[in-house]
K.L.:
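Before anything else, here's the structure in question.
Keep in mind that what you see is a predicted model, and the values were worked out from it rather than measured. Just so we're on the same page: letters track the sequence lines, and every chain starts at 1.
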Amino acid sequence: MSEVKVRFAPSPTGPLHIGGARSALFNWLYARRYHGKFVVRIEDTDLERSSRESEENILSSLRWLGLDWDEGIAAGGPAGPYRQTERLALYSQYAEELLESGWAYRCYCSEEELAAQREAQLAAGEMVGYNGQCRNLSEAECQQLENEGRKPVVRFRVPEGKVLTVRDQVRGDVSFDCHGIGDFIIVKSDGIPTYNFAVAVDDHTMGITHVIRAEEHLSNTPLQILLFEALGWPVPEFAHISLILGKDRAKMSKRHGATSIQQYRDLGYLPEAMVNFLALLGWSPGAEEEVFTLDQVQEKFSLDRVAKSPAVFDLDKLNWLNGHYIKHSPVERIADLAVPYLRQAGYLPETVDESLMAKVRLVTIAVREYLDYLSQIADHAGVFFTDPGYDDPEAQAVLSGEQVPAVFAALREQLTGAAALDEDRARALLKQLPKELGLGGKLVYQPLRVGLTGKTKGPELYHLLPALGPAKVIERLEKALGSAI
RNA sequence: GGCCCCAUGGUCAAGUGGCCUAAGACACCGCCCUUUCACGGCGGUAACCCGGGUUCGAAUCCCGGUGGGGUCACCA
């Protein structure tokens, strides 16, 4: 078999969304697994809705996810250009070929006529499809209509009484009766090809061997096969992946919350978590291990382990995975990623120097175990950057304990003159304290926590101490003592 | 409505006729640890949509029903 070549062909009509990202991922995985090529092509034949901005967003999201492509937009390659609006001449050439061979014909029906027709069919409960009005127009009739100022579209002449079978790698054979398919438009009246036509031409001319895409395209496939056959081209292999559903089991859409990769990126999700999560949606490694990198999946990926049933997007699991990666990535990286969120919360200035960055790292160590995604850091990091108040009744109750002054004094004693304080020293010190004072842990640690943060819950004390530094610790404890009633 | 797809716990899913008195993960609920780390440890609740077949034997095969979804554009 020739080399595997797959593609991801988004329409730049919006940002890359979850479903598109998964399609791209599966294609990428397939290409890598079988040492083939991955092509990215832009399908911008919808002039109204397409934008360069969306295209940029899609490409940047793909790169962010780590899905690189061997050929295509921005990468170049032998079958370029890779933007459909730049391949118009190619489509006309094949449309012409189809017209000449009789597989296609010009249709002069107006949009109004078509709409009325469709409405009538729908009302009668019939199959919706073109009624073939212009199917056998003579040369003279065409000329006549054209003289009336009508702009024709080009339609494909769907053979009658034929049954088409899509050989699908995940679904098996799926058959469609041509009787249910009306003559469809392949070139619009403005000369722009229609989706199905452009796809067939591109997939062939780009040498695509496997078309892996979402299930919503399954019903388009017979039309494309018709085109391949009429043009005398080999039909590629197909694999239709089931849809990703929202909580209400309907296809994921904007009303389901964050649906674009960009949004997750902005919220502080890590690309490896997204990719890991997406890989698990509709595919299973078969083994028990579910946490893996792109490199690890590409070794195991195969279409026969792709699920046929649709999958509900489970935010809880994404959060868990992302939290997992946050906990296990190098602190430096997480701290760097956290900076924008801390800045946005007003905890950091525009420029962060090295000593401040050192503190951010300590803060990151202290709070990352509580995070599902990075933007949440703002909710946990406040105690490190803003001096607390002690109005909370619960806090007051703890602070009013009679042992509190002694506890604070003891810690202060330990800290005075201490230049720096690392986690190990903080742990040792904290462990010593109760013994030294002859008190139970709770009586020592609880007031310290409240004194330092104004709260009864929060980061570990041994993280708090180093991050705040001796001077700040002493300062806060004094203030806490002063505010005890 | 026509056509098409799908159907194991709340969710993702393993399972390709006997190994299933059905894995694992997320979520949830307990207990432990309770201020030393290690996705902390241990445990629990919870599922084969229904009805017919085929078979010695069905979650697994066939048919029907039901349910969910997709698609029916000069959008992709």
K.L.:
Taking atom C1' in both B:C50 and B:G67, compute the distance separating them and give it to the nearest angstrom.
P.N.:
10 Å
K.L.:
What are the two closest heavy atoms between A:I261 and A:A21, and how far apart are they?
P.N.:
CD1-CB, 3.6 Å
K.L.:
Taking atom C1' in both B:C49 and B:G43, what distance in whole Å separates the two?
P.N.:
31 Å
K.L.:
Which of residues 273-282 of chain A have a heavy atom under 4.0 Å from RNA chain B?
P.N.:
A:L280, A:L281, A:G282
K.L.:
Whole angstrom is fine here: how far is it from CG in A:L223 over to C1' in B:A73?
P.N.:
12 Å
K.L.:
Any base atoms under 4.0 Å from A:H240, or only sugar-phosphate, or nothing? Heavy atoms, all strands.
P.N.:
nothing
K.L.:
A:F176 has a side chain; which of B:A25, B:A14, B:C3 sits nearest to it?
P.N.:
B:C3
K.L.:
Taking the P atom of each, how far is B:C28 from B:U66, in whole Å?
P.N.:
38 Å
K.L.:
Starting the side chain at C-beta, find the nucleotide from B:U71, B:A13, B:G24 nearest to A:S284.
P.N.:
B:A13
K.L.:
Please list residues of residues 249-257 of chain A whose heavy atoms come under 4.0 Å from any atom in RNA chain B, ordered by number; otherwise none.
P.N.:
A:R249, A:K251
K.L.:
In Watson-Crick or G-U wobble terms, both distances under 3.5 Å, what is the partner of B:G24?
P.N.:
B:C12
K.L.:
Side chain of A:V312: nearest nucleotide among B:C75, B:U36, B:C12?
P.N.:
B:C12
K.L.:
When all nucleic acid strands are considered with a 4.0 Å heavy-atom cut-off, which category describes A:E111: base, sugar-phosphate, or nothing?
P.N.:
base
K.L.:
Are more than 12 heavy atoms from other residues, nucleotides or ligands located less than 6.0 Å from atom NZ of A:K472?
P.N.:
yes
K.L.:
Please work out if A:F313 contacts a base, only the sugar-phosphate, or nothing of the nucleic acid, heavy-atom cut-off 4.0 Å.
P.N.:
nothing
K.L.:
Indicate, with a heavy-atom threshold strictly under 4.0 Å, whether A:D44 touches base, sugar-phosphate, or nothing.
P.N.:
nothing
K.L.:
Classify the nucleic acid contact of A:C178 as base, sugar-phosphate or nothing, counting any heavy atom under 4.0 Å across all strands shown.
P.N.:
nothing
K.L.:
Between B:C72 and B:G15, how far is it from one C1' atom to the other, in whole Å?
P.N.:
36 Å
K.L.:
Provide, to the nearest angstrom, the distance between the NZ atom belonging to A:K457 and the C1' atom belonging to B:U35.
P.N.:
14 Å
K.L.:
Under 4.0 Å: is that the gap between some side-chain N or O of A:R118 and OP1 or OP2 of B:A73?
P.N.:
yes
K.L.:
Could you tell me how far apart A:Y325 (OH) and B:C26 (C1') are, to the nearest whole angstrom?
P.N.:
14 Å
K.L.:
On RNA chain B, nearest-nucleotide positions of A:V174 versus A:E369: which is more 5'?
P.N.:
A:V174
K.L.:
Rounded to the nearest Å, what distance is computed from the CG atom of residue A:L243 to the P atom of nucleotide B:A76?
P.N.:
19 Å
K.L.:
If we count only N and O atoms by modelled type, under 3.5 Å, do the side chains of A:Y91 and A:D202 hold a donor and an acceptor together?
P.N.:
yes
K.L.:
To the nearest Å, give me how far apart CZ (A:R368) and C1' (B:C39) are.
P.N.:
12 Å
K.L.:
Quick one: label A:R305 by what it contacts on the DNA or RNA (base, sugar-phosphate, nothing), any heavy atom closer than 4.0 Å.
P.N.:
sugar-phosphate
K.L.:
Where the side chain of A:R171 is defined as all heavy atoms beyond and including C-beta, which of B:U71, B:U35, B:C6 is the nearest nucleotide?
P.N.:
B:C6
K.L.:
Base, sugar-phosphate alone, or nothing: which one does A:T45 contact when heavy atoms must sit under 4.0 Å apart?
P.N.:
sugar-phosphate
K.L.:
Nearest to the side chain of A:S309, heavy atoms from C-beta on, is which of B:A7, B:A76, B:C26?
P.N.:
B:A7
K.L.:
Taking only side-chain nitrogens and oxygens of A:K247, does any of them come within less than 4.0 Å of OP1 or OP2 of B:G68?
P.N.:
no
K.L.:
Between A:F313 and A:H256 (judged by ring centroids, cut-off 6.0 Å), do the two rings come close enough to count as a pair?
P.N.:
no
K.L.:
Which value, in whole Å, describes the distance between the C1' atoms of nucleotides B:U60 and B:C20?
P.N.:
11 Å
K.L.:
More than 12 foreign heavy atoms under 6.0 Å from NZ of A:K300: is that the case here?
P.N.:
yes
K.L.:
Closest to the A:D316 side chain: B:C74, B:C26, B:U36?
P.N.:
B:C26
K.L.:
Spell out yes or no: do the side chain of A:E290 and the base of B:G24 have one donor N/O and one acceptor N/O closer than 3.5 Å?
P.N.:
yes
K.L.:
Write down the distance between CD1 (A:I181) and C1' (B:C3), rounded to a whole number of angstrom.
P.N.:
9 Å
K.L.:
Can you tell me, in whole Å, how much space there is between the C1' of B:U54 and that of B:G17?
P.N.:
11 Å
K.L.:
Compare the minimum distances between each of B:U35, B:U11, B:C4 and the side chain of A:D314, then state the nucleotide with the smallest one.
P.N.:
B:U11
K.L.:
Need one value for A:S175: base, sugar-phosphate or nothing, where a base atom within 4.0 Å counts as base even if backbone is also close, heavy atoms only.
P.N.:
sugar-phosphate
K.L.:
For residues A:E146 and A:Y108, is any side-chain donor paired with an opposing acceptor at under 3.5 Å?
P.N.:
yes
K.L.:
Any side-chain donor paired with an acceptor under 3.5 Å for A:T85 and A:D44?
P.N.:
yes
K.L.:
With a 3.5 Å cut-off and no angle check, do the side chains of A:D372 and A:Y269 form a donor-acceptor pair?
P.N.:
no
K.L.:
Picking from B:C39, B:C37, B:C74, which would you name as closest to the side chain of A:E460?
P.N.:
B:C37
K.L.:
Given atom CD1 of A:I244 and atom P of B:C12, what is their separation to the nearest angstrom?
P.N.:
11 Å
K.L.:
In the strands shown, is B:G43 matched to any nucleotide by a Watson-Crick or G-U wobble pair with both distances under 3.5 Å, and which?
P.N.:
B:C29
K.L.:
Between A:K327 and B:G40, is there a side-chain N or O to OP1/OP2 distance below 4.0 Å?
P.N.:
no
K.L.:
In whole angstrom, give me the gap between the P atoms of B:U45 and B:G30.
P.N.:
15 Å
K.L.:
Does B:C74 have OP1 or OP2 under 4.0 Å away from a side-chain N or O of A:Y130?
P.N.:
no
K.L.:
Taking 4.0 Å as the cut-off, does a side-chain nitrogen or oxygen of A:S219 come that near to OP1 or OP2 on B:C4?
P.N.:
no
K.L.:
Which part of the nucleic acid does A:E113 contact within heavy-atom distance under 4.0 Å: base, sugar-phosphate only, or nothing?
P.N.:
nothing
K.L.:
Return the orientation label for the A:Y370 and A:H380 ring planes: parallel under 30°, perpendicular over 60°, tilted otherwise.
P.N.:
parallel
K.L.:
Do A:Y105 and A:D183 have a side chain donor and acceptor closer than 3.5 Å?
P.N.:
yes
K.L.:
Where the side chain of A:Y195 is defined as all heavy atoms beyond and including C-beta, which of B:C4, B:A76, B:U35 is the nearest nucleotide?
P.N.:
B:A76
K.L.:
So, taking the atom named OH in A:Y30 and the one named CZ in A:F301, what distance separates them when rounded to the nearest 0.5 Å?
P.N.:
9.0 Å
K.L.:
If each of A:K308 and A:L318 is mapped to the nucleotide of RNA chain B with the nearest heavy atom, which maps nearer the 5' terminus, i.e. the 5' end?
P.N.:
A:K308
K.L.:
With rounding to whole Å, what would you report as the distance between B:C48 and B:A22 at their C1' atoms?
P.N.:
8 Å
K.L.:
Could you work out which one of B:A13, B:A27, B:C12 sits closest to the side chain of A:K317?
P.N.:
B:C12
K.L.:
Which part of the nucleic acid, if any, lies within contact of A:F184, taking any heavy atom under 4.0 Å across all strands shown: a base, the sugar-phosphate backbone alone, or nothing?
P.N.:
nothing
K.L.:
Between the side chains of A:K188 and A:E48, is the shortest nitrogen-to-carboxylate-oxygen separation below 4.0 Å, so that they form an ion pair?
P.N.:
no
K.L.:
Please find out if less than 6.0 Å separates the ring center of A:H217 from that of A:Y195.
P.N.:
yes
K.L.:
Within the side chain of A:S110, is there an N or O that forms a donor-acceptor pair under 3.5 Å with the backbone of A:E113?
P.N.:
yes
K.L.:
What's the CD1-P distance between A:I186 and B:A76, to the nearest Å?
P.N.:
14 Å
